[in-house]
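Down below is the structure, laid out as structure tokens.
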Amino acid sequence: MTTIEAVRHFRGIILSKELFRRLRSRAAKAGLALLIFLTISFIALPVVSLFVKSPLDTVLRSLSSPMVVDALRLSLSTAAVSTLIVVILGTPLAYVNARFRYPGKEIADSAIDLPVIMPPAVAGIALLMAFGRMGVLGQHLNAMGISIAFTTLAVIIAQIFVSSPFFIRQARTSFEDVDLSIENAARTLGASRAYTFLHVILPIAFNGLVSGAIMAFARSLGEFGATIMFAGNFQGRTQTMPLAIYTAMQGDLDAALCLAIILVIISFLVIFLVKALSRRVYENAGN
Amino acid sequence: MDKYKILILLVLLACLSPAFAEEKRVLTVFCGAGLTGALSEIGGLYENTTNMSIEFNFDGVPAMRAQIEQGAYADVLVSANLKHMDALKSEGFINNSTVEVFARNKVAIIVPNDNPANITGLKDLAVPGVKILMGTKDLPAGDYALQVLDRLAADPEFGQEYKESVLSNVVSQETTVNRIVSKIALGEADAGFAFISDVSPEMIGKVTRISVPDKYNVIGDFPVGVLSQSEYPEEAQAFLDLMMSSDGQAILEKYGFIPVVQAVQAVASGGSSKAATA
């Protein structure tokens with residue numbers, strides 16, 4: 001049994017070497033180029049189509065429609081607030097999970113990642129069951145006269161819920177990448193734990209933290225499912241850009257396209273910003 | 001190893017086999033979300049009596065209108081108002097001669113069973129702080145609700161101020177009437193503008209209906225039509241005929257719609273008066 005398996009394993013290695021050799025041949029390169037071209041076209045086509053299907057003048061006209069303006073303002077402000085909260089709450093958590101072991105850490109890690117995997121509709125109904133007026137926590141808040149559903153606060157809660165893993169995961173990786181010997185050097189030179197964290201670890205991990213925050217911001221901007229189920233749909237109060245696109249699809253397609261284009265442009269900006277920031281941080285680190 | 005590969009292949013084939021099985025004839029029906037219960041039942045009846053199967057798309061009517069305008073395929077459109085049906089007719093998407101009104105409906109206020117805001121009449125909707133759900137202005141349920149508010153505003157007993165206070169209490173403009181009903185059933189809001197038909201059998205015990213007096217109410221015509229692109233125009237017409245038949249009308253009536261076929265209406269008036277006293 002073991003010999004047969006060994007032979008098979010060996011044959012596998014030989015096969016993969018052959019494959020590698022063939023890959024290097026010109027024909028394979030051409031095929032690979034075509035495959036890459038098709039994949040990129042597949043991703044780019046819908047984005048390009050958005051621009052093709054919306055003439056500039058109608059987009060500019062829609063830009064002044066109250067629905068578009070309100071959605072834009074609400075989306076940017078709520079995403080900024082939720083990102084700030086995610087960074088404040090997530091940074092210590094990410095650091096502790098990167099450096100220390102504690103009982104139940106595995107469960108904590110899984111819980112943190114859950115919103116990434118969770119379908120948006122599930123997130124929406126789960127938030128409703130927790131913070132809704134009859135919810136597990138919501139009913140007590142309601143008794144105190146605090147009602148969350150259908151408020152801007154509900155939008156922010158939904159955004160924090162879905163976007164926090166994007167920051168926490170990235171932040172944790174960034175903290176793990178900080179060389180432990182640097183941290184130890186600072187400590188042996190007499191720096192307190194807090195001083196070391198603020199003046200040694202944080203600057204080194206800054207690059208990753210910022211890109212994590214930007215990813216969380218982008219995810220917050222795009223949040224749809226949980227918001228429409230939990231926060232409702234009201235212009236200027238809970239109708240964020242994705243909700244406005246969904247609503248406008250049913251009456252004013254131009255406004256929907258205008259908002260969609262704005263979101264695409266923001267997405268591009270996010271990507272460029274993350275790259276530019278990380279480059280600058282690398283250069284600073286080099287100096 | 002190879003044995004496992006064959007096994008996996010077989011499992012995959014087994015999963016795919018329904019796709020290769022004899023081509024099933026499917027009637028695609030786009031249907032307003034508020035009609036989910038009644039039309040599902042009529043659909044079941046249709047499947048039992050024909051060799052067609054039915055695929056429903058239940059959503060807000062304006063959303064489905066946009067989908068049809070963008071090229072989505074459907075055989076039948078069941079709408080909750082004439083506005084969207086007429087628009088699609090004028091755009092050439094509907095076979096105009098097939099369109100008929102299959103049921104009527106009225107606006108009703110629904111409140112959670114425990115009625116936290118203690119709403120017993122129309123005036124209570126204007127009390128500051130009451131959380132009200134409405135459809136978007138494009139959604140039939142929202143459109144009808146605005147018409148009712150206009151009628152109330154025209155009556156000096158209520159007036160324009162009443163309409164404005166009610167509108168300022170609206171906390172969300174929902175894109176399907178079902179979402180209004182389910183959020184009310186969950187107790188998330190205090191009152192919602194829906195249809196009398198929305199207190200479906202499964203909603204009894206979760207929401208309570210407060211009727212809007214006829215002099216303020218709007219009778220909504222619910223039309224159905226076959227799309228011009230339909231590959232099964234005859235089968236689609238058969239579905240429409242079933243909706244208009246006494247069986248179809250009886251199902252619609254059971255779900256709270258006002259039937260349109262005369263013979264059934266006589267029975268219906270007996271039924272609804274009983275419901276009113278209950």
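All chains are named by letter (A, B, ...) in the order of the sequence lines, taking the proteins before the strands, and each is independently numbered beginning at 1. The basis for the numbers below is simple: all heavy atoms, side chains too, and nothing from hydrogens, waters or symmetry mates. Model, not experiment: these values are computed from the prediction.
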If every non-hydrogen atom of A33(B) is compared with every non-hydrogen atom of T176(B), which pair is closest and at what distance?
CB-CB, 3.9 Å
Distance-minimising heavy-atom pair for L45(A) and S49(A)
O-OG, 2.6 Å
Heavy atoms only: give me the nearest F150(A)-E188(B) pair and the separation to one decimal.
CE1-O, 3.4 Å
Grab the two heavy atoms, one from T238(A) and one from G232(A), that are nearest each other, plus how far apart they are.
OG1-O, 3.2 Å
Does anything in residues 123-144 of chain A reach chain B? List residues with heavy atoms under 4.5 Å apart, or say none.
L128(A), M129(A), G132(A), R133(A), M134(A)
Quick one: are T151(A) and R237(A) in side-chain contact, heavy atoms under 4.5 Å?
no
Can you name the residues that form a side-chain contact (heavy atoms from CB on, under 4.5 Å) with S77(A), not counting sequence neighbours?
none
Looking at side-chain heavy atoms only, is the closest gap between V162(A) and M118(A) below 4.5 Å?
no
Is the Y144(B) to F195(B) ring centre distance short of 6.0 Å?
yes
For S230(B) versus D75(B), what's the shortest heavy-atom pair and its separation?
OG-OD1, 2.8 Å
Which of the residues K131(B), M134(B), K137(B), R179(B) is involved in the greatest number of heavy-atom pairs with chain A at under 4.5 angstrom?
K131(B)
Under the criterion salt bridge (Lys or Arg N to Asp or Glu O under 4.0 Å), I'd like the reasoning laid out for D221(B) against R104(B): C-alpha separation, chi angles, the key distance, then a yes or no.
CA-CA 5 Å; D221(B) 285 333; R104(B) 296 204 165 84; 2.7 Å; yes
Does Y73(B) reach the main-chain N or O of T28(B) with its side chain, forming a donor-acceptor pair under 3.5 Å?
no
With chain A as the partner chain, list the residues of residues 55-65 of chain B whose heavy atoms fall under 4.5 Å from it, by residue number, and write 'none' if nothing qualifies.
D59(B), P62(B), A63(B)
Is P116(B) close to chain A through its backbone or its side chain, or both, or neither, when contacts mean heavy atoms under 4.5 Å?
side chain
Between the side chain of R209(B) and the main-chain N/O of I196(B), is any donor-acceptor distance below 3.5 Å?
yes
For chain A, which residues from residues 78-94 of chain B have at least one heavy atom closer than 4.5 Å to it?
none
Hey, does C258(A) have a side-chain heavy atom less than 4.5 Å from the side chain of L63(A)?
yes
Heavy-atom distance under 4.5 Å to chain A: side chain of Q70(B), backbone, both or neither?
side chain
Heavy atoms of I184(B) and D190(B) approach each other most closely as CD1-C, 4.3 Å
